[in-house]
Amino acid sequence: MKNKTFMTNSVLLILAGIFSFAGCGKKEPAEEQPAASSPAAAPAAAAIDPATAATVSGTVKFEGVAPKPAKIDMSQDANCKGSNTAENLVVAGGDLANVFVYVKEGLGNRTFALPNDPVVLDQSGCKYHPHVLGVMAGQSVKIENSDPTTHNIHPTPKDNREWNESQAPQAPALEKSFAREEIMLPVKCNQHPWMRMFINVTKSPFYAVTGSDGKFEIKGLPPGEYTLAFVHEKLGEQDQKVTLSAKESKTLNLSFKP
(Lines give C-alpha, C1' and ligand atoms only; values in the text may rest on other atoms or scores of the structure.)
Protein backbone atom coordinates (compact mmCIF):
# COMPACT_ATOMS: atom_id res chain seq x y z
CA MET A 1 0.00 0.00 0.00
CA LYS A 2 2.81 2.31 0.86
CA ASN A 3 4.41 1.53 -2.55
CA LYS A 4 1.19 2.46 -4.39
CA THR A 5 0.93 5.70 -2.44
CA PHE A 6 4.57 6.50 -3.23
CA MET A 7 4.12 5.82 -6.94
CA THR A 8 0.95 7.89 -7.08
CA ASN A 9 2.67 10.85 -5.43
CA SER A 10 5.61 10.53 -7.81
CA VAL A 11 3.36 10.60 -10.88
CA LEU A 12 1.54 13.67 -9.54
CA LEU A 13 4.85 15.44 -8.96
CA ILE A 14 6.06 14.64 -12.51
CA LEU A 15 2.80 15.88 -14.06
CA ALA A 16 2.96 19.06 -12.02
CA GLY A 17 6.49 19.65 -13.23
CA ILE A 18 5.47 19.14 -16.86
CA PHE A 19 2.59 21.64 -16.62
CA SER A 20 4.80 24.07 -14.75
CA PHE A 21 7.47 23.85 -17.51
CA ALA A 22 4.86 24.35 -20.20
CA GLY A 23 3.61 27.45 -18.43
CA CYS A 24 7.12 28.87 -18.12
CA GLY A 25 7.83 28.14 -21.77
CA LYS A 26 4.82 30.06 -23.04
CA LYS A 27 6.00 33.11 -25.05
CA GLU A 28 4.68 36.54 -24.22
CA PRO A 29 3.52 38.53 -27.22
CA ALA A 30 6.45 40.57 -28.53
CA GLU A 31 6.33 44.29 -27.94
CA GLU A 32 5.61 46.07 -31.18
CA GLN A 33 8.56 48.14 -32.33
CA PRO A 34 8.11 51.38 -34.21
CA ALA A 35 9.02 51.14 -37.90
CA ALA A 36 12.52 52.38 -38.68
CA SER A 37 12.46 55.65 -40.52
CA SER A 38 14.28 55.83 -43.87
CA PRO A 39 17.33 58.12 -43.96
CA ALA A 40 16.53 61.47 -45.47
CA ALA A 41 17.80 61.88 -49.01
CA ALA A 42 20.50 64.49 -49.48
CA PRO A 43 19.02 67.63 -50.98
CA ALA A 44 19.84 68.06 -54.66
CA ALA A 45 22.19 70.88 -55.46
CA ALA A 46 20.53 73.92 -56.95
CA ALA A 47 20.83 74.30 -60.70
CA ILE A 48 23.37 76.83 -61.91
CA ASP A 49 21.70 80.06 -62.98
CA PRO A 50 23.52 81.36 -66.09
CA ALA A 51 22.46 84.90 -65.15
CA THR A 52 24.62 84.74 -61.99
CA ALA A 53 27.50 82.60 -63.33
CA ALA A 54 31.02 83.83 -62.65
CA THR A 55 34.38 83.51 -64.39
CA VAL A 56 37.91 83.02 -63.14
CA SER A 57 40.90 83.54 -65.40
CA GLY A 58 44.56 84.35 -65.20
CA THR A 59 48.12 83.64 -66.30
CA VAL A 60 50.56 81.02 -65.06
CA LYS A 61 54.22 82.03 -65.06
CA PHE A 62 57.55 80.27 -64.69
CA GLU A 63 60.04 82.01 -62.38
CA GLY A 64 63.67 82.06 -63.37
CA VAL A 65 65.40 80.96 -66.54
CA ALA A 66 63.72 78.00 -68.20
CA PRO A 67 65.99 75.20 -69.39
CA LYS A 68 66.17 74.58 -73.12
CA PRO A 69 63.78 71.85 -74.30
CA ALA A 70 65.49 68.49 -74.68
CA LYS A 71 66.04 67.24 -78.22
CA ILE A 72 64.21 64.07 -79.24
CA ASP A 73 65.79 61.50 -81.54
CA MET A 74 63.07 60.17 -83.86
CA SER A 75 65.43 58.41 -86.24
CA GLN A 76 64.16 54.93 -85.37
CA ASP A 77 61.10 55.57 -87.59
CA ALA A 78 61.59 57.26 -90.98
CA ASN A 79 57.88 58.15 -91.03
CA CYS A 80 58.23 60.43 -88.00
CA LYS A 81 58.68 64.07 -88.92
CA GLY A 82 58.10 67.40 -87.25
CA SER A 83 59.33 69.20 -84.15
CA ASN A 84 61.76 67.05 -82.23
CA THR A 85 61.76 68.76 -78.83
CA ALA A 86 60.31 67.56 -75.52
CA GLU A 87 57.10 69.13 -74.19
CA ASN A 88 57.48 68.44 -70.47
CA LEU A 89 58.40 72.07 -69.80
CA VAL A 90 57.21 74.63 -72.35
CA VAL A 91 58.02 78.25 -71.42
CA ALA A 92 57.87 81.30 -73.68
CA GLY A 93 58.63 84.75 -72.29
CA GLY A 94 58.05 83.46 -68.77
CA ASP A 95 54.59 82.06 -69.64
CA LEU A 96 54.08 78.40 -68.71
CA ALA A 97 52.07 76.14 -71.02
CA ASN A 98 50.40 72.78 -70.34
CA VAL A 99 49.27 73.52 -66.78
CA PHE A 100 45.98 71.81 -65.99
CA VAL A 101 43.67 74.04 -63.94
CA TYR A 102 40.47 72.66 -62.40
CA VAL A 103 38.00 73.21 -59.58
CA LYS A 104 39.22 70.79 -56.92
CA GLU A 105 36.78 71.74 -54.12
CA GLY A 106 33.63 73.82 -53.70
CA LEU A 107 31.08 72.28 -56.05
CA GLY A 108 29.53 70.13 -53.31
CA ASN A 109 27.20 67.35 -54.48
CA ARG A 110 26.46 68.87 -57.87
CA THR A 111 26.42 66.56 -60.86
CA PHE A 112 26.81 67.59 -64.47
CA ALA A 113 25.57 66.28 -67.80
CA LEU A 114 28.22 64.92 -70.13
CA PRO A 115 28.99 66.96 -73.24
CA ASN A 116 27.61 65.45 -76.45
CA ASP A 117 30.84 66.00 -78.36
CA PRO A 118 33.97 63.96 -77.67
CA VAL A 119 37.35 65.50 -77.00
CA VAL A 120 39.89 64.74 -79.72
CA LEU A 121 43.41 63.38 -79.25
CA ASP A 122 45.46 63.25 -82.46
CA GLN A 123 48.81 61.67 -83.30
CA SER A 124 50.73 63.74 -85.82
CA GLY A 125 54.46 64.07 -86.40
CA CYS A 126 54.82 61.18 -83.94
CA LYS A 127 53.64 63.40 -81.13
CA TYR A 128 50.37 63.63 -79.22
CA HIS A 129 48.20 66.69 -79.80
CA PRO A 130 47.40 68.15 -77.36
CA HIS A 131 50.08 67.27 -74.84
CA VAL A 132 47.68 67.86 -71.92
CA LEU A 133 43.99 67.07 -72.26
CA GLY A 134 40.93 67.54 -70.03
CA VAL A 135 37.80 65.38 -70.17
CA MET A 136 34.85 64.63 -67.89
CA ALA A 137 34.50 61.16 -66.38
CA GLY A 138 32.42 59.12 -68.82
CA GLN A 139 32.90 61.53 -71.73
CA SER A 140 34.17 60.07 -75.00
CA VAL A 141 37.77 60.58 -76.11
CA LYS A 142 38.21 60.28 -79.87
CA ILE A 143 41.75 59.14 -80.72
CA GLU A 144 42.96 59.72 -84.28
CA ASN A 145 46.12 58.73 -86.13
CA SER A 146 47.19 61.26 -88.75
CA ASP A 147 50.64 59.69 -89.15
CA PRO A 148 51.80 57.30 -91.90
CA THR A 149 52.94 54.86 -89.22
CA THR A 150 51.35 52.59 -86.62
CA HIS A 151 51.01 53.74 -83.02
CA ASN A 152 50.23 51.88 -79.79
CA ILE A 153 48.14 54.04 -77.46
CA HIS A 154 48.75 52.90 -73.90
CA PRO A 155 47.28 54.77 -70.90
CA THR A 156 48.77 53.70 -67.55
CA PRO A 157 46.24 54.91 -64.95
CA LYS A 158 46.06 54.34 -61.20
CA ASP A 159 42.29 54.59 -60.77
CA ASN A 160 40.94 53.65 -64.20
CA ARG A 161 41.20 50.61 -66.45
CA GLU A 162 44.49 50.19 -68.28
CA TRP A 163 44.43 49.33 -71.98
CA ASN A 164 46.81 49.20 -74.93
CA GLU A 165 45.65 49.25 -78.55
CA SER A 166 47.40 49.55 -81.89
CA GLN A 167 46.16 52.01 -84.48
CA ALA A 168 47.32 51.73 -88.09
CA PRO A 169 47.77 54.77 -90.38
CA GLN A 170 44.44 56.32 -91.36
CA ALA A 171 42.59 53.70 -89.31
CA PRO A 172 39.17 54.60 -87.87
CA ALA A 173 39.33 56.65 -84.69
CA LEU A 174 39.30 54.86 -81.36
CA GLU A 175 36.49 55.86 -78.97
CA LYS A 176 37.42 55.54 -75.29
CA SER A 177 36.23 56.89 -71.94
CA PHE A 178 37.46 56.93 -68.35
CA ALA A 179 35.06 56.13 -65.52
CA ARG A 180 36.73 57.81 -62.54
CA GLU A 181 38.35 61.12 -61.76
CA GLU A 182 42.12 61.01 -62.18
CA ILE A 183 44.54 63.88 -62.65
CA MET A 184 47.64 63.63 -64.84
CA LEU A 185 46.90 60.15 -66.17
CA PRO A 186 49.94 59.26 -68.32
CA VAL A 187 49.58 58.01 -71.89
CA LYS A 188 52.46 56.60 -73.92
CA CYS A 189 53.09 54.93 -77.26
CA ASN A 190 54.81 51.56 -77.14
CA GLN A 191 56.08 52.00 -80.72
CA HIS A 192 57.69 55.40 -80.12
CA PRO A 193 59.07 55.79 -76.57
CA TRP A 194 59.31 59.60 -76.75
CA MET A 195 55.55 59.95 -77.30
CA ARG A 196 53.90 60.90 -74.03
CA MET A 197 50.91 62.98 -72.95
CA PHE A 198 48.51 63.36 -70.00
CA ILE A 199 44.74 63.00 -69.76
CA ASN A 200 42.97 64.69 -66.85
CA VAL A 201 39.61 63.17 -65.90
CA THR A 202 37.35 65.40 -63.79
CA LYS A 203 33.86 65.25 -62.28
CA SER A 204 32.85 68.64 -63.63
CA PRO A 205 33.27 70.69 -66.80
CA PHE A 206 35.14 73.40 -64.90
CA TYR A 207 38.72 73.01 -66.07
CA ALA A 208 41.21 74.54 -68.50
CA VAL A 209 44.73 74.02 -69.86
CA THR A 210 47.13 76.93 -70.16
CA GLY A 211 48.20 77.75 -73.70
CA SER A 212 51.59 78.92 -74.92
CA ASP A 213 50.75 82.34 -73.45
CA GLY A 214 50.19 80.79 -69.99
CA LYS A 215 46.56 81.91 -69.92
CA PHE A 216 43.50 79.99 -68.71
CA GLU A 217 39.80 80.74 -68.28
CA ILE A 218 37.00 78.85 -66.51
CA LYS A 219 33.47 80.12 -67.15
CA GLY A 220 29.98 79.38 -65.85
CA LEU A 221 30.76 78.86 -62.17
CA PRO A 222 27.98 79.48 -59.63
CA PRO A 223 28.83 82.04 -56.94
CA GLY A 224 30.78 80.42 -54.10
CA GLU A 225 34.12 79.60 -52.53
CA TYR A 226 36.42 77.31 -54.48
CA THR A 227 39.82 75.69 -54.42
CA LEU A 228 41.51 75.70 -57.79
CA ALA A 229 44.32 73.25 -58.43
CA PHE A 230 47.13 74.09 -60.85
CA VAL A 231 48.93 70.92 -61.90
CA HIS A 232 52.05 70.53 -64.03
CA GLU A 233 53.62 67.21 -64.98
CA LYS A 234 57.12 68.29 -63.94
CA LEU A 235 56.58 71.10 -61.43
CA GLY A 236 53.82 69.54 -59.29
CA GLU A 237 50.62 71.06 -57.91
CA GLN A 238 49.67 74.36 -56.34
CA ASP A 239 46.23 75.11 -54.88
CA GLN A 240 44.62 78.53 -54.65
CA LYS A 241 41.35 79.56 -52.97
CA VAL A 242 39.01 81.99 -54.68
CA THR A 243 35.62 83.47 -53.76
CA LEU A 244 33.33 84.42 -56.62
CA SER A 245 30.27 86.64 -56.37
CA ALA A 246 27.38 86.60 -58.82
CA LYS A 247 28.47 87.65 -62.33
CA GLU A 248 31.99 88.34 -61.07
CA SER A 249 35.03 87.97 -63.30
CA LYS A 250 38.10 87.45 -61.16
CA THR A 251 41.77 87.26 -62.14
CA LEU A 252 43.97 84.70 -60.43
CA ASN A 253 47.64 84.64 -61.42
CA LEU A 254 50.17 82.11 -60.23
CA SER A 255 53.82 81.19 -60.78
CA PHE A 256 55.86 77.99 -60.56
CA LYS A 257 59.49 77.81 -59.54
CA PRO A 258 62.03 75.33 -60.89
Report task. Sort out for me which residue in F100, F112, Y102 forms a ring pair (Phe, Tyr, Trp, His ring centres under 6.0 Å) with F206. Result -> F112
Query raised in the report: Is there side-chain contact between T150 and P169, with heavy atoms separated by less than 4.5 Å?
Result: yes
Query raised in the report: Any side chain to side chain donor-acceptor pair (under 3.5 Å) pairs touching residues 129-141, not counting sequence neighbours?
Result: H131-E233, S140-E175
Query raised in the report: Do Q123 and H192 have side chains that get closer than 4.5 Å, going by heavy atoms?
Result: no
Query raised in the report: How are the rings of F216 and F230 set relative to one another: parallel (under 30°), tilted (30 to 60°) or perpendicular (over 60°)?
Result: perpendicular
Query - Inter- and intrachain pairs under ring pair (Phe, Tyr, Trp, His ring centres under 6.0 Å), touching residues 72-98, at least two apart - result: none
Query - Donor-acceptor pair, side chain of K257 and main chain of G64, under 3.5 angstrom - result: no
Report task. Starting from the C-alpha separation in whole Å, work towards a yes-or-no answer on side-chain contact (heavy atoms from CB on, under 4.5 Å) for I153 and Y128. Result -> CA-CA 10 Å; I153 304 93; Y128 285 116; 4.1 Å; yes
Query raised in the report: Any idea which heavy atoms bring V56 and L221 closest together, and the distance?
Result: CG1-CD1, 4.0 Å
Query raised in the report: Taking the side chain as C-beta and beyond, is there a heavy-atom pair between N145 and S124 under 4.5 Å?
Result: no
Query raised in the report: Between the main-chain N or O of Q191 and the side-chain N or O of Q76, is there a donor-acceptor pair closer than 3.5 Å?
Result: yes
Query raised in the report: Who are the side-chain hydrogen bond (donor to acceptor under 3.5 Å, both in side chains) partners of D95, not counting sequence neighbours?
Result: K61
**Report entry** Test item: N84 side-chain N/O and D73 main-chain N/O as donor-acceptor pair under 3.5 Å
**Finding:** no
Report task. Only counting residues at least two apart or in another chain, list the ones meeting disulfide bond (SG atoms under 2.5 Å apart) with C189. Result -> none
Query raised in the report: Got a sec, which residues hit side-chain hydrogen bond (donor to acceptor under 3.5 Å, both in side chains) with S166, two or more places apart in sequence or on another chain?
Result: N152
Query raised in the report: Does T227 offer a backbone N or O that forms a donor-acceptor pair with the side chain of E105 under 3.5 Å?
Result: no
Query raised in the report: Under a 4.5 Å cut-off applied to non-hydrogen side-chain atoms, are V201 and M136 in contact?
Result: no
**Report entry** Pairs where residues 198-211 contributes a residue and the test side chain to side chain donor-acceptor pair (under 3.5 Å) is met, not counting sequence neighbours
**Finding:** none
